[in-house]
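Scroll down for the structure; my scribbles are underneath it.
FYI, side chains are in, hydrogens and waters are out, and symmetry mates aren't considered; it's all heavy atoms of this structure. Residue numbers start from 1 in every chain, and the chains themselves are labelled A, B, ... in the order their sequence lines are given, proteins ahead of strands.
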Protein chains: 2
Amino acid sequence: MNDEGKPVYLRLREIISASILDGEYQDGAILPSVRAFAAQQGANPLTVAKAYQSFQDDGLVIVRRGIGMFVADGATHRLRNMERTRFLQQTWPAIAEHMRRIGITLQDLPTDRND
Amino acid sequence: MNDEGKPVYLRLREIISASILDGEYQDGAILPSVRAFAAQQGANPLTVAKAYQSFQDDGLVIVRRGIGMFVADGATHRLRNMERTRFLQQTWPAIAEHMRRIGITLQDLPTDRND
DNA sequence: CATACTGCATGAGTGACATAATACAGCGAG
DNA sequence: CTCGCTGTATTATGTCACTCATGCAGTATG
């Protein structure tokens, strides 16, 4: 969550993930080319490729060699489900435990009208 | 929050922090020696020292060379305040943003009777 | 002083990460 | 086919955080 100290390729992965979840790249959309995204982010093309790689491994993006990388069909939905599961099973329990220790309850949190 | 991949000295730091917040080591209490804690955690004494170091920098533990490290006066209270501020200003905003993206609201979270 | 415990300073080893320079492979347009 | 785009494999290099082994310094106890 805090991008401090995290390796670049993971930071890039989260940027892409957020873009997909926000609907910037919908199912079937073409993603920025490795070189283009590298230039835009001031990173090395190989580092970007490493970030894209993780999405391929999960089957979330389809590679059409010579053309580009595309968001797989149903990837947005699947990505959101994956992130949800990970959050509820791993992230949140640790957060809740930490909150208990420092004496913060859900009521203490800024609620942005979640209804 | 997730101890996966984090450096050992940060993991150790959180263990100590949790112990203090849980009241296991109260103000004025002596902490386990570097070597003892290292043996207990299966880590290197210097790695433990590095973890302790961060507490010294914040003035939360007092070092009496040749004797040991002690929880500073008012450290428990101060540590809790520090963690609270850090959580509310840094941790939580990122969490909330992530929750918004994956479509999880406070109502979806397991509530351990927070009323 | 001798011993046994403390913390700490110095330096080295290791591995992950990021970068670079090249070259290769697939596809489409001219 | 040729040109220009795409992703990818290879190799090499540099950097930095983490970890650790060794030895030194301070303190209590006898």
Side-chain angles (χ1 to χ4, degrees), chain A residues 1-17 19-20 24-73 75, chain B residues 1-17 19-20 24-73 75:
Chain A
M1 250 48 104
N2 264 351
D3 296 357
E4 318 295 335
K6 275 193 183 177
V8 176
Y9 78 99
L10 284 183
R11 244 186 42 231
L12 296 176
R13 190 193 193 283
E14 294 191 359
I15 292 176
I16 301 161
S17 175
S19 298
I20 293 178
E24 186 170 346
Y25 304 113
Q26 303 189 351
D27 290 4
I30 185 171
L31 293 165
S33 80
V34 167
R35 292 174 176 84
F37 194 56
Q40 172 192 339
Q41 295 289 333
N44 187 285
L46 273 144
T47 307
V48 175
K50 190 173 181 181
Y52 276 140
Q53 183 69 44
S54 63
F55 287 105
Q56 304 178 42
D57 296 342
D58 290 338
L60 293 174
V61 307
I62 302 298
V63 178
R64 296 176 60 186
R65 201 173 175 126
I67 308 189
M69 325 249 307
F70 298 81
V71 180
D73 205 54
Chain B
M1 252 43 115
N2 264 351
D3 295 358
E4 318 295 335
K6 274 193 183 177
V8 175
Y9 78 99
L10 284 182
R11 245 186 41 232
L12 297 175
R13 189 193 193 280
E14 295 189 0
I15 291 176
I16 301 160
S17 175
S19 297
I20 294 179
E24 186 170 345
Y25 304 114
Q26 302 188 353
D27 291 4
I30 185 172
L31 292 165
S33 80
V34 168
R35 289 174 177 82
F37 193 56
Q40 172 192 340
Q41 295 290 332
N44 189 282
L46 269 132
T47 307
V48 175
K50 188 171 182 181
Y52 278 141
Q53 182 69 45
S54 63
F55 287 105
Q56 305 179 41
D57 297 341
D58 291 337
L60 293 172
V61 308
I62 301 298
V63 178
R64 297 177 60 186
R65 199 175 176 124
I67 307 187
M69 325 249 308
F70 298 81
V71 179
D73 205 53

When all nucleic acid strands are considered with a 4.0 Å heavy-atom cut-off, which category describes B:Arg64: base, sugar-phosphate, or nothing? nothing
Just to be sure I understand the rule, does A:Gln56 reach a base, reach only the sugar-phosphate, or reach nothing, if contact means heavy atoms closer than 4.0 Å? sugar-phosphate
Pair B:Asp57 + B:Arg13, salt bridge at N-O below 4.0 Å: no
Indicate the atoms forming the closest heavy-atom contact of [X] with [Y], along with that distance.
X       : Y       : result
B:Gly68 : B:Ile30 : CA-CD1, 4.4 Å
B:Ala51 : B:Ser54 : O-OG, 2.7 Å
A:Ala72 : A:Gly59 : CB-O, 3.5 Å

Earlier contact from the 5' end, DNA chain C, for A:Ile67 and B:Met69: B:Met69
Measure from [atom1] on [X] to [atom2] on [N] and round the result to the nearest Å.
X       : N      : atom1 : atom2 : answer
B:Phe37 : C:dT6  : CZ    : P     : 14 Å
A:Arg11 : C:dC17 : CZ    : C1'   : 13 Å
B:Phe55 : C:dC8  : CZ    : P     : 14 Å
A:Leu31 : D:dG7  : CG    : P     : 9 Å

Taking only nitrogen or oxygen atoms into account, show me every contact under 3.5 Å that the protein makes with nucleotides 18-20 of chain D, one pair per line with its distance.
| from | atom 1 | to | atom 2 | distance (Å) |
| --- | --- | --- | --- | --- |
| D:dC18 | OP2 | B:Tyr9 | OH | 3.2 |
| D:dT19 | OP1 | B:Val8 | N | 2.6 |
| D:dT19 | OP2 | B:Val8 | N | 3.4 |
| D:dT19 | OP2 | B:Tyr9 | N | 3.4 |
| D:dC20 | OP2 | B:Asn44 | N | 3.2 |
| D:dC20 | OP2 | B:Thr47 | OG1 | 3.1 |

Can you tabulate the close N/O pairs, meaning under 3.5 Å, that link protein atoms to atoms of nucleotides 13-15 of chain D?
none

Choose from C:dG7, D:dT8, D:dT27 the nucleotide whose nearest atom is closest to any side-chain atom of A:Val63. D:dT8
Heavy-atom side-chain proximity of A:Gln41 to A:Leu12 below 4.5 angstrom: yes
Do B:Tyr52 and B:Pro32 have side chains that get closer than 4.5 Å, going by heavy atoms? yes
